[in-house]
Amino acid sequence: MSEQENAVTTTEAKTQPTVTPSLEEPKFGFNEYAERLNGRAAMIGFVLTLAIEYFTGQGLLSWLGLQ
């Protein structure tokens, strides 16, 4: 390893941050709020599907006319 490479390595080791910055939550894309909302929508859809099957006596596909 040359002196220049050694100097760069030593300098990089000294300039590492010691505090993690607090970043803002992204406003779109995969973030905690979007995933929570998606999970809740999926649970509501599943419960509604079960309710449709219970009250109509038919499966969802036959209720939609697909079977």
Which residue pairs pass the salt bridge (charged side-chain N to carboxylate O under 4.0 Å, His left out) test when at least one of the two sits in residues 52-67, sequence neighbours left out?
none
Determine, using the 4.5 Å side-chain heavy-atom cutoff (strictly less than), whether Leu66 and Leu60 are members of one ILVMFWY cluster.
yes
Apply side-chain hydrogen bond (donor to acceptor under 3.5 Å, both in side chains) to Arg40 and list each qualifying residue two or more places apart in sequence or on a separate chain.
none
Straight-line distance of Asn38 CG to Phe30 CZ, nearest 0.5 Å:
9.0 Å
Which atom of Gln58 lies closest to which atom of Trp63, heavy atoms considered:
OE1-CA, 3.4 Å
Surrounding CD of Glu35 (heavy atoms of other residues, nucleotides or ligands, distance under 6.0 Å), is the total greater than 12?
yes
Are Leu64 and Ile52 connected in a single hydrophobic cluster, I mean Ile/Leu/Val/Met/Phe/Trp/Tyr linked by side-chain heavy atoms less than 4.5 Å apart?
yes
Who pairs with Glu24 by side-chain hydrogen bond (donor to acceptor under 3.5 Å, both in side chains), at least two apart in sequence or on another chain?
none
